[in-house]
Amino acid sequence: MKGRFGMKIKWDTDPKQDRFDPRDGPKTMKAVVTAGNGGYDKLQYRVVSLPTLEPGEVLLQVLAAGVNNTEINTRIGWYSSSVTTGTEEAATAEEEQATAKADGGWNETTPFPFIQGTDCCGRIVAVASDGDKSTIGSRVLVRACMRQFGFESMDNIWMGSDFDGAFAQFVKVPAGEVFAVDCDWSDAELGTIPCAYGTAENMVHRGKVSQGEHVLVPGASGGVGSAVVQLVKRRGATVTAIAAKAKMEQVLSIGADRVIDRDEDIFASLGENSVDVVIDNVAGPAFGGLLKVLKRGGRYASSGAIGSPLVTFDMRTFYLKDLTLTGCTAWDESVFPNLISYIERGELRPLVAKILPLERIADAQLEFIEKKHVGNFVLIPPPLDG
Ligand SMILES: NC(=O)c1ccc[n+]([C@@H]2O[C@H](COP(=O)([O-])OP(=O)(O)OC[C@H]3O[C@@H](n4cnc5c(N)ncnc54)[C@H](OP(=O)(O)O)[C@@H]3O)[C@@H](O)[C@H]2O)c1
């Protein structure tokens with residue numbers, strides 16, 4: 001089969017000699033198995049065995065699974081210190097030369113072959129023998145970032161990066177990590193939420209954004225950035241967003257008070273000491289200017305570096321202005337439950353840029369890294385009888 005971009009997508013029904021081998025059991029499902037570091041040919045659409053529940057787990061039928069940079073980053077091994085460029089450049093280069101990287105995962109070595117997919121909107125279809133059967137049938141979101149040793153420890157693991165995720169018809173997860181959500185949003189709309197909005201709310205929370213403050217948001221057209229804009233506005237702060245010229249109108253419509261073209265000189269546009277908080281997942285060459293526009297005592301929070309992970313950092317700007325720089329990956333305890341309540345109270349809106357069937361994952365990722373869109377891409381697994 002060939003997708004829109006002419007990528008060959010593997011439709012592979014042959015049994016494999018790996019833990020997904022369908023001969024291991026009578027129950028099967030369709031899934032995208034990522035075979036290892038490399039290009040799109042590593043995404044294998046296969047018939048695999050259904051997950052078996054351990055105590056404390058629930059089985060979800062995946063209704064919708066969002067697309068995130070982390071799945072591309074993990075496949076190409078972008079988290080390796082040997083990679084010094086942004087995601088798009090690295091992903092394109094990796095198509096030409098796939099190299100296995102032992103340190104290419106965000107955390108431990110990536111457990112290839114495995115099923116990626118960080119975002120899951122699903123329905124509980126089974127619980128382990130010790131589980132609560134009354135939850136069967138609930139539509140839920142999965143808290144993708146899991147603090148396996150409790151919230152006192154910063155250790156965390158992610159669905160779809162450290163263990164099998166949602167690019168499948170079914171996924172199993174710890175019962176304590178699923179949150180029922182009562183709203184009229186579609187499955188695809190809910191599928192945009194966990195990774196982007198959870199990460200965004202964690203930064204807004206850690207950055208201590210409060211009413212009346214001025215917050216600068218680079219990458220505001222992206223999944224995380226557009227969520228940050230909404231989450232900052234719901235706290236009563238003012239947003240100056242940074243976006244590509246073609247997306248500026250759309251970013252204004254999300255709620256930003258002002259949008260600056262990303263090609264403009266941010267320092268010249270805003271001036272020194274004009275911003276209370278910067279929430280930045282772009283980094284790259286603009287980084288130095290982002291610190292200069294912060295007021296004395298200002299805060300900078302980041303969960304990503306899509307522009308480039310290596311930046312020029314003037315220590316004098318940092319210490320002479322009493323800045324606080326906060327790295328954010330492990331979600332704090334209040335973050336995900338709060339997010340669910342904002343959705344249920346109608347305080348957020350989803351931004352679905354495109355919906356594609358799961359088997360077109362390579363097309364989705366190719367178009368996603370072109371960055372012509374605003375918001376999030378979502379994949380829908382095939383119907384159970386399909
Ligand atoms: N640590 C974590 O737990 C965590 C969780 C989620 C995401 N992340 C990371 O956060 C970053 C943003 O995620 P996202 O989901 O918001 O990504 P996204 O949807 O792809 O959006 C990123 C935005 O950044 C802007 N941008 C500016 N310079 C860019 C460049 N050189 N290359 C690509 N985009 C550029 C683009 O907007 P314009 O075209 O309008 O400039 C783009 O819309 C990624 O690196 C991701 O891996 C980390």
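Predicted, not measured: the structure shown is a model, and the values here were computed from it. Every number for a ligand or one of its atoms is a count from 1 in the order of the listing.
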Identify which one of Thr52, Leu50, Leu53 satisfies the side-chain contact (heavy atoms from CB on, under 4.5 Å) criterion when paired with Lys172.
-> Leu53
Cationic tip of Arg75 within the cone over Tyr40's six-membered ring, i.e. under 6.0 Å and within 45° of the normal?
-> yes
Proximal protein residues to ligand 1, non-hydrogen atoms under 4.0 angstrom | Asn69, Asn73, Trp158, Cys195, Thr199, Gly219, Ser221, Gly222, Gly223, Val224, Gly225, Ala243, Ala244, Lys247, Arg262, Asn281, Val282, Ser303, Gly304, Ala305, Ile306, Gly307, Cys328, Thr329, Phe368, Lys371
Side-chain donor-acceptor pairs under 3.5 Å in residues 277-301, sequence neighbours left out?
{"unit_1": "Asp280", "atom_1": "OD1", "unit_2": "Val282", "atom_2": "N", "d": "2.8"}
{"unit_1": "Asp280", "atom_1": "OD1", "unit_2": "Ala283", "atom_2": "N", "d": "3.1"}
{"unit_1": "Asp280", "atom_1": "OD2", "unit_2": "Ala283", "atom_2": "N", "d": "3.2"}
{"unit_1": "Asp280", "atom_1": "OD2", "unit_2": "Tyr300", "atom_2": "OH", "d": "2.7"}
{"unit_1": "Asn281", "atom_1": "OD1", "unit_2": "Ser303", "atom_2": "N", "d": "2.8"}
{"unit_1": "Asn281", "atom_1": "OD1", "unit_2": "Gly304", "atom_2": "N", "d": "3.2"}
{"unit_1": "Lys295", "atom_1": "NZ", "unit_2": "Asp276", "atom_2": "OD1", "d": "3.2"}
{"unit_1": "Lys295", "atom_1": "NZ", "unit_2": "Asp276", "atom_2": "OD2", "d": "3.4"}
{"unit_1": "Arg296", "atom_1": "NH1", "unit_2": "Leu320", "atom_2": "O", "d": "3.0"}
{"unit_1": "Arg299", "atom_1": "NE", "unit_2": "Gly207", "atom_2": "O", "d": "3.0"}
{"unit_1": "Arg299", "atom_1": "NH1", "unit_2": "Glu213", "atom_2": "OE2", "d": "3.0"}
{"unit_1": "Arg299", "atom_1": "NH2", "unit_2": "Gly207", "atom_2": "O", "d": "3.1"}
{"unit_1": "Arg299", "atom_1": "NH2", "unit_2": "Lys208", "atom_2": "O", "d": "2.7"}
{"unit_1": "Arg299", "atom_1": "NH2", "unit_2": "Glu213", "atom_2": "OE1", "d": "2.9"}
{"unit_1": "Arg299", "atom_1": "NH2", "unit_2": "Glu213", "atom_2": "OE2", "d": "3.2"}

Listing, residues 60-69 side-chain donor-acceptor contacts under 3.5 Å, not counting sequence neighbours, or none:
{"unit_1": "Asn68", "atom_1": "ND2", "unit_2": "Asp119", "atom_2": "OD2", "d": "2.8"}
{"unit_1": "Asn69", "atom_1": "OD1", "unit_2": "Lys371", "atom_2": "NZ", "d": "3.3"}

Cation-pi check, Arg234 to Tyr342: give yes when NZ or CZ is under 6.0 Å from the six-membered ring centre and within 45° of the ring axis, no otherwise.
-> yes
For residues 136-150, please give each side-chain donor-acceptor pair under 3.5 Å, one per line with the distance, not counting sequence neighbours.
{"unit_1": "Ser138", "atom_1": "OG", "unit_2": "Thr135", "atom_2": "O", "d": "2.9"}
{"unit_1": "Arg139", "atom_1": "NH1", "unit_2": "Trp185", "atom_2": "O", "d": "3.0"}
{"unit_1": "Arg139", "atom_1": "NH1", "unit_2": "Asp187", "atom_2": "OD1", "d": "2.8"}
{"unit_1": "Arg139", "atom_1": "NH2", "unit_2": "Cys183", "atom_2": "O", "d": "3.3"}
{"unit_1": "Arg139", "atom_1": "NH2", "unit_2": "Trp185", "atom_2": "O", "d": "2.9"}
{"unit_1": "Arg143", "atom_1": "NE", "unit_2": "Glu177", "atom_2": "OE1", "d": "2.8"}
{"unit_1": "Arg143", "atom_1": "NH2", "unit_2": "Glu177", "atom_2": "OE1", "d": "3.2"}
{"unit_1": "Arg147", "atom_1": "NE", "unit_2": "Ser153", "atom_2": "O", "d": "3.0"}
{"unit_1": "Arg147", "atom_1": "NH1", "unit_2": "Trp331", "atom_2": "O", "d": "2.5"}
{"unit_1": "Arg147", "atom_1": "NH2", "unit_2": "Phe151", "atom_2": "O", "d": "3.3"}
{"unit_1": "Arg147", "atom_1": "NH2", "unit_2": "Ser153", "atom_2": "O", "d": "3.2"}
{"unit_1": "Gln148", "atom_1": "OE1", "unit_2": "Asn156", "atom_2": "N", "d": "3.4"}

